[in-house]
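Working notes for the structure below.
Sequence lines set the chain letters: A, B, ... in the order given, protein chains first and strands last, and positions in each chain run from 1.
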Amino acid sequence: MPTESTRSAMPYARLMLMLLLAPALLWLLGLIVLPHVELGILSLRARVAPRVYEASLAQYRTFIEEPLYWHTFVRTALMSILATAVTLVMAFPIAWTIAKLARGRNKSMLFVLCLIPFWVSETVRTLGWMILLRESGVLPQLLVWLGLSPAPIEMLYHDATILVGLVYTSMLFMVIPLISALESLDDSLIEAAYDLGGNGWSILRQIVIPHAAPGIVAGCIVVFMLTLGNYLTPTLLGGKNSQWFTEQIYTQFITRFNWEQGAAFGFLLLGLSTAIVWAGLRLSGQKFGEVMQRS
Amino acid sequence: QEKTLRLLTWADYAPADVVAQFEKESGYKVELTLSNNEEMISKLRATGGAGFDLAQPSQDRITGPQQEFGIYKSMDLSKLKAELFIPSMLEATKKNTTLGGKVYGLPHIWGTDGLVVNTSLTKMADYPDLCRGDVKGKTAVRLKRPTLLAFAFASGKDPFALYSNPKAYGALMDDVGKTMIACKGNLKFFWDNKDQLLNGMRTGEIVGAMMWDTGGWKLNGEKAEIQFIAPKSGALGWIDTFAIPAKGKNDAAAYAWINFNLRPEIAARVAKSAGNFTASQGADQLMDAKLKAQFAASFPEAALKNVKWYPAVPAGIEEIEGRVLDRIKAAN
Amino acid sequence: MSSDVSAAPTASGAAQPDLQATHVTKHYGAFHAVDDLSLEVARGSFFSILGPSGCGKTTLLRMIAGFLSPDSGAIQIGGQAMNGVPPNRRPVNMVFQHLALFPMMNVGDNVGYGLARRGVAKDEIKRRVGDMLERVSLPGAQDKRVDQLSGGQKQRVAIARSLVLEPTLLLLDEPLGALDLKLREHMKIELKQLQAAFGTTFVYITHDQSEALVLSDHVAVMNHGRFEQVGTPQQLYYEPQTPFVAGFVGANNRIAGRASDVNGNLVTVTSADGMVVPARAMGQVQLGDAVEAFVRPEVARLARQSVTLADAGLPFFSARVASLLFDGANSAVLLHEENSHTEFRIALPQTGQFADLAVGERVHFGFDPQRAVCFAPSQAERSA
Amino acid sequence: MSSDVSAAPTASGAAQPDLQATHVTKHYGAFHAVDDLSLEVARGSFFSILGPSGCGKTTLLRMIAGFLSPDSGAIQIGGQAMNGVPPNRRPVNMVFQHLALFPMMNVGDNVGYGLARRGVAKDEIKRRVGDMLERVSLPGAQDKRVDQLSGGQKQRVAIARSLVLEPTLLLLDEPLGALDLKLREHMKIELKQLQAAFGTTFVYITHDQSEALVLSDHVAVMNHGRFEQVGTPQQLYYEPQTPFVAGFVGANNRIAGRASDVNGNLVTVTSADGMVVPARAMGQVQLGDAVEAFVRPEVARLARQSVTLADAGLPFFSARVASLLFDGANSAVLLHEENSHTEFRIALPQTGQFADLAVGERVHFGFDPQRAVCFAPSQAERSA
Amino acid sequence: MIASLPRPLWLRASTVVYGLLFFAFLFLPLVVVAVFAFNDAAYPAPPWRGFTLDWFLGGADTARRGLFADSAMLGSLWTSVVVACWVTVLSVLVGTANAFLIERTQFRGKQALSLLMLAPLVIPGVILGISILAFASRIANLADDLWALELNFLRPGLPLVVLGQFSYIVSIATLTITARLKRFDVTLEEAAYNLGASRAAVFTTITLPYLQPALIGAAAISFLMSFENFNTTLMLVGSDAPLTVMMYGRMREGATPVLNAVSLFLMVASALLALTLLRGKPSAQGPAAV
Ligand SMILES: Nc1ncnc2c1ncn2[C@@H]1O[C@H](COP(=O)(O)OP(=O)(O)OP(=O)(O)O)[C@@H](O)[C@H]1O
Ligand SMILES: Nc1ncnc2c1ncn2[C@@H]1O[C@H](COP(=O)(O)OP(=O)(O)OP(=O)(O)O)[C@@H](O)[C@H]1O
Ligand SMILES: [Mg+2]
Ligand SMILES: [Mg+2]
């Protein structure tokens with residue numbers, strides 16, 4: 001009870017505070033903060049002899065000196081941004097339809113339809129794409145059958161395939177914040193703008209987008225994070241051509257046992273995501289806390 | 001707890017009937033975890049050598065990680081029946097897995113890496129044939145160190161000789177890397193799971209690949225035109241071992257399993273399941289005749305002599321290779 | 001009802017009406033939200049549509065603004081047929097129920113929005129926005145954020161935003177609904193003065209009869225998608241044409257019963273409880289008809305002595321005081337008529353004459369039967 | 001001010017007061033939300049606290065209910081000191097501003113909640129809930145969901161939920177605030193009848209003067225954490241003790257100026273614009289003091305001929321009609337006094353006598369100076 | 001434009017067409033997965049060779065080992081369920097405590113703490129995984145070196161997987177529950193208190209019932225998220241692989257239709273779960289629930 005009568009029972013309030021604070025601190029310190037400190041320490045040392053390590057920036061130097069690594073890094077970032085943009089563009093009309101055009105049963109039906117694919121795991125969805133796109137898969141066969149291509153084409157293992165997979169996987173996380181942002185936009189604002197002589201484009205630009213900005217940013221941040229941190233889709237759909245930075249991290253940790261290098265890569269990825277999220281927030285003038293509440 | 005043996009091994013190295021027999025005879029219960037070299041090492045690294053009672057890494061991958069992470073216990077040879085091993089193989093393995101005077105691994109199963117070719121569709125003699133223009137998009141290799149070593153041998157160099165000279169080794173690997181990058185367009189994929197490759201070969205999507213002998217013989221059993229070929233520049237020979245993780249809790253069970261496995265009749269069954277030969281003295285007499293025939297077909301005398309056995313990998317070498325592998329992966 | 005309403009010329013002068021709707025209908029499924037309704041609004045006048053919640057007011061207004069298209073009937077604005085003309089092409093602007101100010105823009109940009117859409121030059125917009133804000137008593141408010149404004153200020157910005165476009169017609173949908181009591185009183189007067197100053201035709205929706213009466217030149221009372229009566233506030237108040245209007249406009253005592261006597265335009269109504277009330281008949285009333293009589297609280301006169309009322313020539317009743325509702329100038333008393341125990345509300349004189357009444361006291365009241373009204377059966381049925 | 005208020009016995013009889021607060025104070029930082037305030041509420045009476053938003057009404061009520069503890073001063077309920085007694089042990093119940101009905105329970109469970117917490121047997125709860133719902137005219141509503149109720153019904157459920165516990169005191173925090181106009185009028189009368197029927201002591205908070213006047217036996221007018229005046233509705237209306245009360249209770253014309261003449265209890269106030277108004281002094285007024293006079297709209301009399309007023313012996317003014325506010329029985333006219341152009345509001349007689357006034361017409365008005373009030377400087381300053 | 005504004009025909013038409021394309025895009029992969037679970041072929045690929053239930057019912061010793069005989073697959077399914085249950089319970093409990101911490105208490109640094117609670121949502125899952133792995137093994141190694149204590153739960157394995165998933169899923173649970181608690185009208189508690197309820201009674205009769213939909217929602221989301229998680233799990237998994245990791249492994253081997261079978265099984269199961277949830281809450285699940 002947040003009433004002031006609790007002031008007489010101050011020890012009670014303190015006890016309560018401590019009890020509530022304990023799990024939060026355990027979680028945040030034990031699973032988030034300290035592990036990242038550990039990761040930071042790992043990334044800042046280098047092996048000089050078996051079981052002998054010293055503080056060094058060697059891991060980061062490797063990253064800079066080996067074009068492969070930073071190429072992958074940049075590529076991952078660009079592809080993620082591209083995937084986020086494509087997702088946004090694809091999701092917006094649907095979110096608009098659900099939030100503003102559909103009514104009653106239709107609306108909830110469309111909404112649930114959007115949710116359904118995400119009740120099954122990414123593995124399953126990726127499996128679906130593999131069955132669809134592989135050389136012996138459904139789409140290439142269909143193209144042959146339609147006479148559009150002479151022989152089955154391999155549709156897996158292209159950048160475009162990775163993009164399709166990423167967009168697909170992220171769609172829900174864009175659609176939902178968009179819907180809730182658009183739903184909170186009072187129809188009468190649009191009517192008023194229209195009544196005052198606005199047309200579709202100017203209303204979109206001046207009324208809808210400013211209003212939905214927190215939702216858009218929320219969706220973009222979540223999608224960007226998911227894409228950037230994705231491992232499954234790029235490796236499975238990208239095949240021999242996938243170069244995703246998470247894969248580098250995995251490789252360093254698991255196949256090379258090089259935790260130091262992997263930790264450095266992890267930190268770089270974290271830095272990248274933080275920087276881009278921060279830039280996104282800055283550009284759109286949103287606050288992180290508020291944005292995340294909406295997603 | 002003391003009643004279980006937690007075994008970290010390769011697929012097919014512990015067939016169900018063998019496990020059942022062991023459990024019945026020894027009273028230990030076997031918990032299997034299937035893995036490959038890298039994962040074995042990284043798991044043991046992450047657990048500090050805990051979580052398993054017995055592991056089966058390849059003999060060349062023992063001393064390096066042991067030096068680095070201390071994930072194995074030294075073997076107590078007194079608990080083993082040395083007479084069960086083929087002596088030459090035991091000696092060779094001991095030599096490769098000895099660190100600071102202690103032995104860390106004992107041989108179990110051995111085999112080679114070479115070429116698997118669908119002879120009805122194409123002909124191949126050496127690794128570089130995988131990069132020929134007429135098989136574009138129909139070949140595969142693993143994106144792992146054996147591939148680099150194979151192509152290094154194919155280029156006429158001896159990479160093992162350069163293990164002690166990281167610089168020269170690095171230069172050699174750079175060259176191999178360039179070759180591979182040039183070849184990349186020819187490859188359908190980098191396989192990293194044998195079933196994936198076998199499926200490709202079965203459907204004819206793949207006509208030639210670098211692979212270990214077992215897979216080739218397995219396919220040969222299904223389709224005679226698919227054959228395992230020892231390449232001109234030499235097949236690569238490997239030996240998978242028994243090694244005891246540093247924090248294994250049930251060494252007794254581990255030794256029991258090793259002794260059990262080296263009994264010729266057991267070894268023969270395991271060898272059949274894995275499709276390879278074992279280090280068990282006398283097991284080859286009990287081996288499947290077909291497998292022996294396949295072996296003989298793949299390895300004429302000269303080829304057998306030409307097998308390049310992996311020496312122990314010194315620390316630091318894998319890092320050089322890793323970067324080259326990454327580069328190959330990244331190239332377009 | 002509606003047929004004779006449409007015939008009645010609402011426009012005061014000969015000037016062409018600014019807004020004309022003829023036989024407009026809008027269904028939602030089988031439900032007639034607006035039902036064959038016609039109206040005319042004269043140029044420059046303040047026209048109110050008054051009706052209970054759900055009677056179709058907003059639906060009608062949205063048809064005029066163009067957000068809904070009528071199922072049948074025609075709408076003309078400034079003499080031009082509006083069928084198929086989209087809202088952004090109509091010479092009308094609308095002030096929305098919850099104002100719909102753009103929260104992402106400041107006051108100046110809100111007011112200038114429509115001008116900017118018309119492609120007016122920046123300087124010109126700035127000047128006209130400044131002028132307009134001055135006229136609505138918000139000089140220099142351009143740079144304020146919308147959420148920094150009080151309720152009344154928001155109101156004025158919303159009106160300014162529409163008026164700056166100089167529409168032929170301004171539509172207002174319960175614009176005072178969200179304000180609190182004192183502010184509403186204040187804005188009522190301000191709105192009336194604004195309309196007088198601009199001379200724009202206002203069509204104003206409300207369910208608050210006091211707003212409609214105070215503000216309007218003409219009021220249409222709406223119920224179930226139709227107009228019950230259109231007239232000046234005084235006509236509605238003093239000459240209600242239907243029981244619905246009599247009940248809805250102003251507080252009223254309602255006595256339902258049978259016509260026990262009909263004498264010229266005077267009807268005697270006898271309620272089931274036995275109260276006998278004389279009243280003027282609106283429309284045809286036959287002896288024995290089920291009728292309803294309405295007597296306004298301020299029409300009845302209170303007296304301690306029945307003689308006073310008899311002397312004044314009024315029919316009178318005896319009653320006991322049930323409750324005293326002291327409210328300054330609006331004080332009233334609830335009486336229970338002695339024979340029938342019917343509850344009857346009477347306004348106390350503003351002079352404070354009966355301030356000393358006590359609960360339970362015996363008093364008398366009477367009223368001029370010509371100022372009470374009584375409705376014929378068909379209409380009584382209608383409102384039931 | 002507050003010192004003499006606390007001395008004034010609010011309780012009507014000799015009976016021990018149900019609620020007594022002495023020198024209660026509550027700060028928020030440096031801000032005195034409730035400032036050394038004392039009050040007494042007699043058993044069974046209806047006591048209202050009337051004040052503008054933010055004056056500390058809710059703070060006071062929450063101290064009585066026990067949700068806040070006073071910084072100083074004591075509160076007694078039914079003769080028992082309440083210091084340190086938590087809300088769930090006090091013999092008071094509260095009806096919250098937004099009712100706070102439990103949305104996850106049906107009506108019956110809402111009403112029975114307090115009984116269940118007391119461990120009353122299920123059957124007994126059921127019986128008493130049924131009885132209580134009947135008494136608030138909601139028989140058989142037990143199984144309804146809360147969101148199926150109308151505003152007025154929710155109101156009654158909230159009151160029933162508290163009354164079923166038979167509290168010594170029922171606290172109500174603006175319970176009608178959320179209702180719409182017509183419903184509020186209706187619930188006002190219903191609430192008064194409920195209280196009379198139950199005989200429970202009500203302490204009622206509102207910022208709507210009409211509610212306070214109509215409902216209460218006694219009203220305390222609150223401002224800035226203090227009581228300005230405590231009295232019967234009539235006392236507040238006719239005998240305001242402070243300019244704040246005169247301005248807040250009922251509509252009033254306010255003329256600020258200097259005392260240009262003092263003659264016994266009559267003061268002549270001359271405004272800066274030159275309007276000269278005679279009024280009765282409340283408290284000490286010296287010649288030349290800055291003073292404020294208040295004239296109620298219904299106190300002033302309107303006449304077409306000045307003679308009428310002169311004959312009645314009233315001081316009179318000439319004026320032009322600025323605006324006609326027709327609102328049936330509450331119609332008023334806004335005048336501009338001819339010399340000073342001061343705006344002056346006058347209620348039109350309910351008889352409809354001046355229904356034919358026209359804007360711009362020249363009229364006269366006058367009033368009995370004894371019914372206008374004028375406040376001395378210190379108090380005038382206070383309200384500024 | 002919105003429904004009340006006139007929309008030209010081409011716009012209406014393209015809205016419909018786009019909607020159809022979009023949902024085709026969404027559902028095509030799932031439909032394909034479901035259909036090929038019944039294809040009578042060794043690989044989930046066209047052509048259609050006839051209908052079979054082998055991939056569900058095939059015996060353990062036949063060439064086509066069906067889902068219900070594939071003990072490894074079923075075991076990993078069970079592992080996933082167990083992990084998800086733990087994660088759900090932990091997340092909902094801690095999430096509830098966090099919600100009360102954010103909404104009902106005042107202390108210095110609360111703002112920062114509540115922002116920090118959101119941070120896990122913007123840390124890539126792989127990094128969460130490796131950082132927890134690295135930290136846990138440091139602690140375990142320390143315990144081992146200093147006290148010869150073997151802290152098994154800090155080694156890769158299910159406890160660590162649970163902790164890893166929990167570390168970010170609890171953020172989502174916290175958000176969901178906080179959102180509802182924020183809308184809670186505190187006067188309801190005061191009213192109950194005023195009606196004589198004790199603090200405990202207020203909590204159990206008013207606050208908890210109010211929070212219940214959010215608790216159920218948070219539980220459902222937590223379960224689903226845990227079940228679907230791959231990135232974090234991959235780095236922390238020991239010898240018992242949860243379903244996603246197991247499926248990933250099999251997919252790299254070259255998928256057999258058993259994967260389709262288990263996928264279809266999951267689809268049906270989650271549809272049933274969702275239906276029961278939706279039915280319990282007739283007002284169609286709002287966006288807030290995700
Ligand atoms: N889109 C719709 N579909 C079905 N019925 C509707 C729709 N819009 C309005 N209605 C119904 O039409 C009737 C009139 O609605 P309208 O909004 O015009 O009422 P109103 O007079 O403005 O009421 P209020 O004073 O409450 O705003 C109502 O009964 C309403 O339920
Ligand atoms: N917790 C608080 N901290 C600081 N100031 C407060 C607090 N609660 C109330 N106040 C201030 O105390 C004053 C009185 O508040 P209170 O809620 O009692 O007003 P009120 O008379 O009930 O107003 P209303 O009619 O708007 O409900 C207000 O100015 C308010 O801003
Ligand atoms: Mg409306
Ligand atoms: Mg209050």
Against chain A, work out which of C:Arg161, C:Gln97, C:Arg89 has the most heavy-atom pairs shorter than 4.5 Å and name it.
-> C:Arg161
All heavy atoms of A:Leu189 vs all of C:Pro103, minimum pair found to be CD1-CD, 3.7 Å
Correct closest heavy-atom pair for A:Asp195 and C:Asn93 would be O-ND2, 3.0 Å
Identify which part of C:Leu101 has an atom lying under 4.5 Å from any heavy atom of chain A, answering side chain, backbone, both or neither.
-> backbone
Proximal component of A:Ala193, with respect to chain C [non-hydrogen, under 4.5 Å] | both
Heavy atoms of other groups near C:Lys144 NZ, more than 12 under 6.0 Å | no
When you look at CD of C:Gln80, are more than 12 heavy atoms from neighbouring residues, nucleotides or ligands closer to it than 6.0 Å?
-> no
In this structure, are over 12 heavy atoms from other groups packed under 6.0 Å from A:Met16 atom CE?
-> no
Are A:Glu191 and C:Met94 close enough that some pair of their side-chain heavy atoms sits under 4.5 Å apart?
-> no
Answer yes or no: is there a side-chain heavy-atom contact under 4.5 Å between C:Phe67 and A:Asp187?
-> no
Check A:Ser188 against C:Phe96 and note the closest heavy-atom contact, atom names and distance.
-> CB-CD2, 3.6 Å
Could you tell me whether C:Asp147 atom CG has more than 12 heavy atoms of other residues or ligands within 6.0 Å of it?
-> yes
Enclosure of A:Arg105 CZ (heavy-atom neighbours >12, cutoff 6.0 Å) | no
Taking every non-hydrogen atom, the tightest pair across A:Asn199 and C:Arg117 | N-CD, 4.5 Å
Over all atoms of both residues, closest heavy-atom pair of A:Tyr194 and C:Pro86 | OH-CB, 4.0 Å
Selection from C:Pro87, C:Gly66, C:Ala65 maximising heavy-atom pairs under 4.5 Å formed with chain A = C:Pro87
Mind checking the CE-CD1 spacing from C:Met104 to A:Ile209? Nearest 0.5 Å is all I need.
-> 10.5 Å
Should C:Tyr113 and A:Ser202 count as side-chain neighbours, where that means a heavy-atom distance under 4.5 Å?
-> yes
Mark yes when over 12 heavy atoms from residues, nucleotides or ligands other than C:His32 sit less than 6.0 Å from its NE2; otherwise mark no.
-> yes
Is it the side chain or the backbone of C:Arg62 that comes within 4.5 Å of chain A heavy atoms, both, or neither?
-> side chain
